[in-house]
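Reading through the structure tokens given below for one structure.
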Amino acid sequence: MISKTIILKNFRKKEISKKNKKNLSFLFKNKSEVINSLSIKYKDKYNIRNIKKIAGNLEIRIIGMGGSILGAEAISSFFGKKGKKKFHFINNLSSNYQFKRKKYCNLVISKSGNTLETIANFNVLNNKGDKNIFITQNKKSYLLNLAQNLKSEIIHHNNFIGGRYSVLSEVGMLPAELMGFKPNKFRQLNNIIKNKYFLNSLLNNVESILSLSKQKKNNSILLNYNPSLINFLEWYKQLTAESLGKKNKGIVPIISNVPKDNHSVMQLYIDGIKNNFYSFFFLNEQNSKKVYFKRFSERFMNFKDKTLTNIIYNQKIATEKVFEMKKIPFRSFNILKRDEKTLGELFIFFILETILLGRALKVNPFDQPSVELIKTQTKKFLSVNPSK
Ligand code: PA5
């Protein structure tokens, strides 16, 4: 148990190296803005009353890419719909977005203020009567200029927090507050620092992943047993991939939805090539529907009247049992509650794990040099191809 609401079954126990322990205390001592944003001491640079006044009763369209939007999306689907407000997430380029209302509140999030997809989406979607709120760095950029011209509300994105580490800063917490959640309940670092089980598990997981990676097991398969975790896993996928995929190193995160994938890739996972390690994610559902097995067949008599969650849970522990029998490396997160504290702990666990892995692998977990290459090339092609 790493906290009251998260049970974590670790990979096989590993000796925790002094180096990784040192790296962790270094992070806590030399608090960067990323680490600060995980604690209740962090001060958000917006006035929620003002924001709520601007948004009024309008539906919210969050427009952003990658780390600028994945955290808010993870929060939204983890909790499902809360309150009356409706949120739309514009996180890709598509001609198929269909919006029927006359007015929306557009919440545009971009640290650089120059992300092509975010700019294009805003320009395509923004209507005359819309309200607009921008979260962007206080540095000259396309979106800052546009926001100033539109006389929109501008909240300054923290200069020292990159997209994929920004979920507990203004970037994720302003949308969370509009959804009806309390930012400081997510910011659990102050409690985590005192929690030996959490910290030991974190270090154990870092050691295990490093050791698996040395054995050329670089595919990290995320077995997702609850559809409401899908965007949390999308967030985690981006965090690990973009942070660690450098210098011919990295971990390839692959989301696999189960039990659906039991009937697709599971055979390969169990008996195929052995370059994977696995993380199980199970979230307990309180109001799961009952399946009345007994009514229809003697064959299912022993099942009694189980709920859908009972079936899924038993499939999960059955799969873990088979993995143990076949000596397939895995860890397993059993999430007992849907609240801000639990989700905050999960965000913090994986942010710290990624930074520690980056340090151990000697890569900079905060940059993404090759993503920049595609941006530069796209700009070049766009300017020489006027009709395409
Ligand atoms: O994690 C990151 O740094 C990236 O995924 C960025 O969030 C993404 O590229 C969008 O960048 P920006 O916030 O500058 O629009």
Side-chain angles (χ1 to χ4, degrees), residues 32-35 37-38 45-46 61-76 89-94 106-126 132-147 152 154-176 231-246 250-253 255 347-348 350-355 357-358 363-379 382:
S32 64
E33 279 297 274
V34 170
I35 301 296
S37 73
L38 314 179
K45 289 190 247 32
Y46 60 85
R61 288 191 294 215
I62 303 187
I63 304 175
M65 296 303 294
S68 283
I69 193 165
L70 284 165
E73 232 176 326
I75 295 169
S76 169
F89 294 90
I90 318 297
N91 56 12
N92 205 348
L93 278 187
S94 159
N106 299 312
L107 173 56
V108 186
I109 311 178
S110 171
K111 180 173 193 274
S112 64
N114 287 321
T115 299
L116 183 60
E117 297 90 335
T118 308
I119 295 171
N121 277 327
F122 176 76
N123 285 342
V124 167
L125 294 173
N126 182 38
N132 297 311
I133 302 167
F134 288 79
I135 304 183
T136 190
Q137 263 182 151
N138 192 11
K139 270 190 186 169
K140 207 171 159 213
S141 74
Y142 181 100
L143 286 173
L144 184 63
N145 193 9
L146 177 76
S152 304
I154 302 170
I155 291 124
H156 292 306
H157 192 299
N158 191 314
N159 279 359
F160 302 100
I161 305 183
R164 57 191 177 274
Y165 294 95
S166 66
V167 60
L168 298 189
S169 77
E170 289 81 353
V171 170
M173 292 298 101
L174 188 151
N231 286 316
F232 171 72
L233 295 180
E234 286 289 345
W235 169 86
Y236 170 46
K237 176 174 104 178
Q238 190 239 359
L239 177 71
T240 22
E242 207 163 78
S243 301
L244 306 176
K246 286 148 206 177
I251 283 152
V252 187
I255 300 172
F347 280 134
I348 296 173
F350 290 112
I351 287 176
L352 294 176
E353 179 181 277
T354 306
I355 301 174
L357 283 171
V363 297
N364 177 0
F366 301 108
D367 67 359
Q368 55 280 335
S370 295
V371 178
E372 302 304 324
L373 280 178
I374 296 185
K375 289 185 193 167
T376 322
Q377 288 298 326
T378 307
K379 271 187 200 152
L382 275 173

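Whatever order the structure lists them in is the order used to number ligands and atoms, beginning at 1.
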Ignoring hydrogens and angles, tell me if any N or O in the side chain of [X] forms a donor-acceptor pair with the backbone of [Y] under 3.5 Å.
X	Y	value
S76	A72	no
N121	N92	yes
K111	H157	no

* Asked: Nearest protein heavy-atom contact for atom 2 (C) of ligand 1: which residue, which atom, what distance?
  ->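 The closest heavy atom on the protein side is E242 OE1, 3.2 Å.
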* Asked: Considering only protein heavy atoms, which is closest to atom 1 (O) of ligand 1, and at what distance to one decimal place?
  ->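 Its nearest protein heavy-atom neighbour is R164 N, 2.9 Å.
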* May I ask you to check whether K375 has an N/O atom sitting below 3.5 Å from an N/O atom of ligand 1? =>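 So ligand 1 has no N or O lying under 3.5 Å from an N or O of K375.
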* Any pair with a residue in residues 159-168 that passes side chain to side chain donor-acceptor pair (under 3.5 Å), sequence neighbours left out, goes on the list, sorted by first then second residue, please. =>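 Listed by first then second residue: R164-E242, R164-S243, R164-Q368, Y165-S243.
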* Ring-ring centroid check F122 Y142, cutoff 6.0 Å ->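 Not under 6.0 Å, so no.
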Could you list the atoms of ligand 1 found under 4.0 angstrom from a heavy atom of [X]?
X	answer
S112	12 (P), 14 (O), 15 (O)
M65	7 (O), 8 (C), 10 (C)
Q368	3 (O)

* Report yes or no: does a heavy atom of Q238 sit under 4.0 Å from some atom of ligand 1? =>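 Judged by the 4.0 Å heavy-atom criterion, Q238 does count as contacting ligand 1.
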